[in-house]
J.: 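Below you will find the structure I want to go over with you.
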Amino acid sequence: QVHLVESGGGLVQAGGSLRLSCTISGRTISSTAMAWLRQAPGKEREFVASINWSDVDTIYSDSVKGRFGISRDNTKNTLYLQMHSLKPDDTAVYYCARSRRYAATLDPGEYDQWGQGTQVTVSS
């Protein structure tokens, strides 16, 4: 059974930075793409960043492009999301997700496993 556990969330002021981590146990992540998604109260789930299996290709949503960076360490079975220039609109629960495919994608239909999430709150 695969377990994804996010960490690193917290309260930060607008303009600040946070680094989220996602550790995966039960199966290696090296063969699939991974992603970060978020969901704020009353809003649709949004996939914000994805990385392919070999850590070469990344995709970002327009809402975070230029501010967030996704990376992975397959030797540690860990996924990261470095967030800079945070805005109050970035406030959400952030989840990591494991894809069924090799290629990076923001298509929610390609993801079948995710963790419990970590709360990120950005104050103005």
J.: Give the minimum heavy-atom separation between I70 and A35, together with the two atoms involved.
T.: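 Where I70 meets A35 most closely, the heavy atoms are CD1-CA, 4.2 Å.
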
J.: Would you please test D90 and R67 for salt bridge (charged side-chain N to carboxylate O under 4.0 Å, His left out) and show each step?
T.: CA-CA 11 Å; D90 294 319; R67 300 187 298 120; 2.7 Å; yes

J.: Is it possible for you to say whether V93 and L106 belong to one hydrophobic cluster, with membership spreading through side-chain heavy-atom contacts below 4.5 Å?
T.: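 In one cluster: yes.
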
J.: Kindly compute the distance separating OG1 (T32) from OH (Y102), expressed to the nearest 0.5 Å.
T.: 9.0 Å

J.: Roughly how far, to the nearest 0.5 Å, is the OG1 atom of T105 from the CG atom of N52?
T.: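 It comes to 11.5 Å.
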
J.: Please round to the nearest 0.5 Å and tell me the distance separating atom CG of L81 and atom OG of S21.
T.: 9.5 Å

J.: Of M34, H3, R98, which is the lone residue that meets side chain to side chain contact (heavy atoms under 4.5 Å, CB included) with Q113?
T.: R98

J.: Report whether L79 and V2 are members of the same hydrophobic cluster (ILVMFWY, side-chain heavy atoms less than 4.5 Å apart, transitive linking).
T.: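 They do share one cluster, since a chain of ILVMFWY contacts under 4.5 Å joins L79 to V2.
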
J.: How long is the span from the CE atom in M83 to the CG atom in L20, to the nearest 0.5 Å?
T.: 3.5 Å

J.: Which atom names give the shortest non-hydrogen contact between Q82 and H84, and what distance separates them?
T.: CG-NE2, 3.2 Å

J.: With sequence neighbours left out, which residue pairs that include part of residues 44-53 fulfil the salt bridge (charged side-chain N to carboxylate O under 4.0 Å, His left out) condition?
T.: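 Checked against salt bridge (charged side-chain N to carboxylate O under 4.0 Å, His left out) - neighbours excluded - the pairs reaching residues 44-53 are R38-E46.
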
J.: Taking disulfide bond (SG atoms under 2.5 Å apart) as the cut-off, I'd like each qualifying pair that reaches into residues 94-124, sequence neighbours left out, listed once.
T.: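 For residues 94-124: C22-C96.
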
J.: Check S17 against S85 and note the closest heavy-atom contact, atom names and distance.
T.: OG-N, 4.4 Å

J.: Can you name the closest pair of heavy atoms from S124 and A14 and give their distance?
T.: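 So the two residues come closest at CA-CB, 4.3 Å.
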
J.: Quick one, I59 and F47 - any side-chain contact, counting heavy atoms below 4.5 Å?
T.: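 No, too far: nothing below the 4.5 Å cut-off.
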
J.: Taking CZ in R101 as the centre, count heavy atoms belonging to other residues, nucleotides or ligands within less than 6.0 Å. Is the count above 12?
T.: no

J.: For the side chain of S99 and the backbone of E110, is there at least one donor-acceptor N/O pair under 3.5 Å apart?
T.: yes

J.: Which distance, rounded to the nearest 0.5 Å, do you find between the CH2 of W36 and the CH2 of W114?
T.: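 The CH2 atom of W36 sits 15.0 Å away from the CH2 atom of W114.
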
J.: Quick one: CG on L4 to CD1 on I24, what's the gap to the nearest 0.5 Å?
T.: 5.0 Å

J.: Main chain of E6, side chain of Y95: is a donor-acceptor contact present, judged purely on distance under 3.5 Å?
T.: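 No, Y95 side chain to E6 backbone: no donor-acceptor pair under 3.5 Å.
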
J.: Taking all heavy atoms of F68 and all of Y60, pick out the closest pair and write down the distance.
T.: O-CE2, 3.3 Å

J.: Output a table of donor-acceptor pairs, distance under 3.5 Å, between side-chain atoms of residues 115-122 and any protein atom two or more places apart or on a different chain; print 'none' if there are none.
T.:
| residue | atom | partner | partner atom | Å |
| --- | --- | --- | --- | --- |
| T118 | OG1 | G9 | N | 3.1 |
| Q119 | NE2 | A92 | O | 3.4 |
| Q119 | NE2 | T121 | OG1 | 3.4 |

